[in-house]
Amino acid sequence: MVDLLPAQTLGWQKVETIALEHFSRAGLQEIRTPIIEQTELFLRGIGENTDVVGKEMYNFDDRGGRPCTLRPEGTASVARAILQHGLLNNGSQRLWYRGPMFRYERPQAGRQRQFHQIGVEFVGFASVMSDAEVISIAWEFLKEVGLSDLTLEINSLGSNEDRNIFKEKLKDWLNQRFDFLDEDSQRRINVNPLRILDSKNTSTKELLCEAPSLNDFLSKKSKTRFNYLQELLDNLNIPYKINNKLVRGLDYYSHTAFEITSEHLGSQATVCGGGRYDGLLSELGGPITPSIGWAIGMERLIILAGDKILQSKSPDVYVIHKGEKAEQLALNITCQLRSANLTTELDYSGSSFSKQFKRADKSLARWAIIIGEDEVSKGQLLMKKLRDNENKEGREEYIFLIEDLNQIINQLID
Ligand code: ATP
Ligand code: MG
């Protein structure tokens, strides 16, 4: 599990601000659910035969002996909250969430045991339009954060019936080649054969090139649906690739499945994963509720955004002072400038003016305000321009009366 240090949090805040604005423009509302849920929720909502439930969850009994789990993902919790509070009585829900998730995995770049997701859930929408809109919200958000070289891959998992027929065909095919499969895949044949299509094992991957394709088992209705999604994406100018091997790791997906990947992430290539989960809410005891959503891994997003998102904002003003009376005035001015929306840093060192100036320079502030005993006695302050907006050095100096706060602020904004 990883600390986020001050040098990193600024980038996170920027991404979260972009998310907030982007999602509210799309009419989404935020939902916040607890980090701990009853284990049962994930057994039912994710499926016992998935990697997440089988190998990755942090499970414990609480003091009342109730089986609990640190949430490994957000969708099941959101679905639970929607049902528990009857939110569907107010109509279909367009929601987003953010926060830490927990999976016991082998930590490496872009893979942690506590990681963070930002996710979107459209609950109660069956139309293909919602699939296209949900995908476009992810695509445009990542673009707005400044990411490029992204690839959108889409697939259709068909309806439950399509998938059940395909599963049997795939099982037969795999069983005939049992000895050539890696151990993990051998284990999965009976419990979760679709997941084998997603195998990262090189020789299994090669073997699978010849495997039956889910695409060939889609009903006419499912095919028409998938074709229309492609038409809508074309219409939105969102480029995509069809990947017939793309299955999501979780059991409740049907029809649309998609991933957004980047070649700059090494083997942890997927930054966004999502799909349609028409079966989840009924699985949890609710009504049949067609739904679609996605989750983006924040750590991977931040890796891709790179240094430009991590650059900290330098202060507008650095306040330098010396002497007892100057000190109080400096604190006052600092607070007043902050109220006027100026980022203001106050020196606390009490060291010589020249040392404080050096620190002001280092902070990359545009302006320094200087208050010494001399200034206090005259009711004045000195302002020095350290650099302009293009970061070129400036050395203009101005003297203002301290009571002319508005003039001071106007000069600083300039
Ligand atoms: P992967 O194949 O990389 O394990 P996944 O299919 O398990 O991904 P999802 O459950 O779809 O991932 O989660 C959505 C996104 O959350 C992923 O695309 C990824 O960006 C991020 N994510 C998932 N697990 C981790 C992790 N352990 N550490 C960091 N990010 C993660
Ligand atoms: Mg995983």
Side-chain angles (χ1 to χ4, degrees), residues 1-4 8 12 15 19 35 41-42 45-47 49-58 69-79 96-121 134-135 137-139 141-142 145 147 150-155 157 184-185 188 192 194-201 204-205 243 245-254 256-277 280 291-305:
M1 306 207 182
V2 175
D3 292 311
L4 282 176
Q8 296 152 309
W12 283 66
V15 173
I35 284 165
L41 173 67
F42 302 115
I46 302 181
N49 300 321
T50 55
D51 278 355
V52 173
V53 172
K55 301 197 258 184
E56 298 173 358
M57 293 209 303
Y58 281 85
T69 298
L70 297 185
R71 66 178 183 196
E73 54 105 56
T75 306
S77 304
V78 170
W96 74 281
Y97 62 85
R98 59 179 148 181
M101 308 293 163
F102 303 84
R103 297 184 194 177
Y104 194 79
E105 300 198 71
R106 194 168 68 80
Q108 49 203 295
R111 192 176 294 287
Q112 298 172 186
R113 290 180 174 171
Q114 175 175 339
F115 62 101
H116 297 76
Q117 287 183 336
I118 279 193
V120 161
E121 314 289 3
V134 161
I135 292 175
I137 291 172
W139 186 258
F141 166 58
L142 293 173
V145 171
L147 308 197
L150 296 172
T151 307
L152 167 66
E153 295 182 27
I154 58 173
N155 192 20
L157 306 177
D184 245 2
S185 301
R188 281 190 175 129
N192 194 354
L194 280 187
R195 204 54 180 98
I196 299 177
L197 297 179
D198 209 17
S199 169
K200 306 280 187 298
N201 182 288
T204 301
K205 259 167 113 173
N243 174 359
K245 297 255 157 11
L246 195 164
V247 291
R248 307 284 313 139
L250 313 179
D251 267 357
Y252 48 65
Y253 286 102
S254 51
T256 307
F258 63 96
E259 284 189 356
I260 300 175
T261 58
S262 163
E263 61 203 36
H264 305 301
L265 277 173
S267 49
Q268 273 58 253
T270 311
V271 62
C272 173
R276 180 161 277 287
Y277 49 92
L280 176 64
S291 307
I292 179 162
W294 50 255
I296 284 177
M298 276 291 283
E299 282 77 9
R300 294 185 197 177
L301 188 167
I302 295 279
I303 293 173
L304 289 176

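Position 1 is the first residue of the sequence, and the numbers go up from there. No experiment lies behind these values; they were computed from the predicted model shown. Start at 1 and go down the list; that is how both ligands and their atoms are numbered.
Of all heavy-atom pairs between A76 and L280, the closest is CA-CD2, 4.4 Å. Considering all non-hydrogen atoms of both residues, R300 and T270 come closest at NH1-O, 2.8 Å. The heavy-atom pair separating R113 from E105 by the smallest distance is NE-O, 2.7 Å.
Counting the atoms of ligand 1 from 1 in the order shown, those under 4.0 Å from a heavy atom of E105 are 24 (N), 25 (C), 26 (C), 27 (N). Every atom of ligand 1 is numbered from 1 in the order shown, and the set under 4.0 Å from a heavy atom of V271 is 18 (O), 20 (O).
Contact annotation for Q117 and ligand 1: only side-chain heavy atoms (C-beta onward) come within less than 4.0 Å of the ligand.
Taking distance alone, with nitrogen or oxygen atoms compared against 3.5 Å, G297 approaches ligand 1 more closely than that limit. The shortest N/O to N/O separation between Q112 and ligand 1 falls below 3.5 Å.
The shortest separation from a heavy atom of R103 to ligand 1 is under 4.0 Å, placing the residue in contact.
Electrostatic pairing of D51 and R188 counts as a salt bridge here, judged by a charged N lying under 4.0 Å from a carboxylate O.
Ring geometry, Y277 versus Y253: the interplanar angle exceeds 60°, so the pair is classed perpendicular (tilted spans 30 to 60°).
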